[in-house]
Amino acid sequence: MRFEKKGLILAPNKSEWWQQHYAILPTPYHIHELGLIRIFFATTCVNKFGRLAYVDVNPNKPFDIINKSDGFVLDVGIDGAFDDCGVNPSSIIKVDDNYFLYYAGYQRHFKTPYSIFTGLAVSDDLATFKRVKNTPILERTTEELSLRSAPSVVRLG
């Protein structure tokens, strides 16, 4: 199968204060029982603080948007947390009756532009997510002082 560019599916809804820039890092999840694909994406406000939202599309016609989230499904983290300047989706898996959303949380700095680390949020309805903790699940290492994020997660077994 060859990749075929289809064009723009979604742009930010600028009538929403939190959707002024971007609809980036599409992270799809196929909801078999509903026959649709929920695509999580990051969007930012005027100050470029990122939040997550989603659109539901027809798997056979991805330009056919069936539904959109009413608001953001994951907000910026608390002040001082690794994700206090924004979140970007990375990967989502189902574990029993819960959905685990792995995300890249970023924080701006003075000497270096930013740091980005991996966070985890959980949902039981794929519409609202709650952080597991306010610290990264993949912490920095000697070799990775400012970037350790955006994992692709696959559940085996």
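These figures come from a predicted structure and were not determined experimentally. Only heavy atoms go into these numbers, but all of them, side chains included; no hydrogens, no water, no symmetry mates.
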Exercise. Does the side chain of L10 reach to within under 4.5 Å of the side chain of I65, using non-hydrogen atoms?
Worked result: yes
Exercise. Rounded to the nearest 0.5 Å, how far apart are CH2 of W17 and CG of N47?
Worked result: 9.5 Å
For this session: Could you check if a side-chain atom of S152 sits within less than 4.5 angstrom of a side-chain atom of S90, using non-hydrogen atoms only?
Result: no
Exercise. If you look at every heavy atom in C85 and V76, which pair is closest and at what distance?
Worked result: C-CG1, 4.1 Å
Problem set entry | Contact check, side chains of L120 and I137, non-hydrogen atoms, under 4.5 Å | yes
For this session: Spell out, as yes or no, whether a donor-acceptor pair under 3.5 Å connects the side chain of K68 to the backbone of V55.
Result: no
Exercise. If you look at every heavy atom in P28 and I37, which pair is closest and at what distance?
Worked result: CB-CG2, 3.7 Å
Exercise. Honestly curious: do W18 and V46 fall in one hydrophobic cluster under the side-chain, below-4.5 Å linking rule?
Worked result: no
Exercise. Where is the tightest heavy-atom contact between V57 and P62, given as atom of each residue plus distance?
Worked result: CG1-O, 3.5 Å
Problem set entry | Donor-acceptor contact below 3.5 Å, side chain Y29 vs main chain L126 | no
Exercise. Is R51 reaching over with its side chain to a backbone N or O of F49, donor-acceptor style, under 3.5 angstrom?
Worked result: yes
Exercise. Can you say whether the rings of Y103 and F82 are parallel (under 30°), tilted (30 to 60°) or perpendicular (over 60°)?
Worked result: parallel
For this session: Determine, for Y114 and R108, whether the Lys NZ or Arg CZ falls below 6.0 Å from the six-membered ring centre while staying within 45 degrees of the axis.
Result: no
For this session: May I ask you to check whether F129 and F40 place their ring centers less than 6.0 Å from one another?
Result: yes
Exercise. Is any side-chain heavy atom of V132 closer than 4.5 Å to a side-chain heavy atom of V122?
Worked result: yes
For this session: May I have the step-by-step check of side-chain contact (heavy atoms from CB on, under 4.5 Å) for L36 and L34, ending in yes or no?
Result: CA-CA 6 Å; L36 56 84; L34 298 179; 3.9 Å; yes
Exercise. Between the main-chain N or O of P12 and the side-chain N or O of E16, is there a donor-acceptor pair closer than 3.5 Å?
Worked result: no
Seminar exercise, completed: One should read off an interatomic distance between D56 CG and I66 CD1, to the nearest 0.5 angstrom, of 6.5 Å
Problem set entry | Gap separating the CG atom of L101 from the CG atom of L74, nearest 0.5 angstrom | 6.5 Å
Exercise. Does a side-chain heavy-atom distance below 4.5 Å link T27 with F41?
Worked result: no
For this session: State, to 0.1 Å, how close S123 and T128 come at their nearest heavy-atom pair, and which atoms those are.
Result: OG-O, 2.8 Å
Exercise. Would you call Y22 and K48 a side-chain contact if the rule is heavy atoms closer than 4.5 Å?
Worked result: yes
Problem set entry | Donor-acceptor side-chain pairing of D125 and Y99 below 3.5 angstrom | no
Exercise. So which heavy atom on Q20 is nearest to which on K14, and how close?
Worked result: NE2-O, 2.8 Å
Exercise. Heavy-atom distance under 4.5 Å between the side chains of I92 and Y102, does that happen here?
Worked result: no
For this session: Search all heavy atoms of Y106 against all heavy atoms of V87 and return the closest pair with its distance.
Result: CE2-N, 3.7 Å
Problem set entry | Under 3.5 Å: donor-acceptor pair, side chain of S149, backbone of F117 | no
Exercise. How many angstroms lie between atom CD of E144 and atom CD of E139, to the nearest 0.5 angstrom?
Worked result: 11.0 Å
Exercise. Once you round to the nearest 0.5 Å, how far does CD1 of I31 lie from CZ of R38?
Worked result: 4.0 Å
Problem set entry | Value rounded to 0.5 Å, distance of CZ in R131 from CG in D75 | 7.0 Å
Problem set entry | Flag side-chain contact, heavy atom, 4.5 Å: H109 against S115 | yes
Exercise. Looking just at side-chain N and O atoms, do T43 and H21 make a donor-acceptor pair shorter than 3.5 Å?
Worked result: no
Exercise. In this structure, are over 12 heavy atoms from other groups packed under 6.0 Å from F63 atom CZ?
Worked result: yes
Problem set entry | Side-chain donor/acceptor of S69 to backbone N/O of A53, under 3.5 Å | no
Exercise. Would you say Q107's side chain and D83's backbone share a donor-acceptor pair under 3.5 angstrom?
Worked result: no
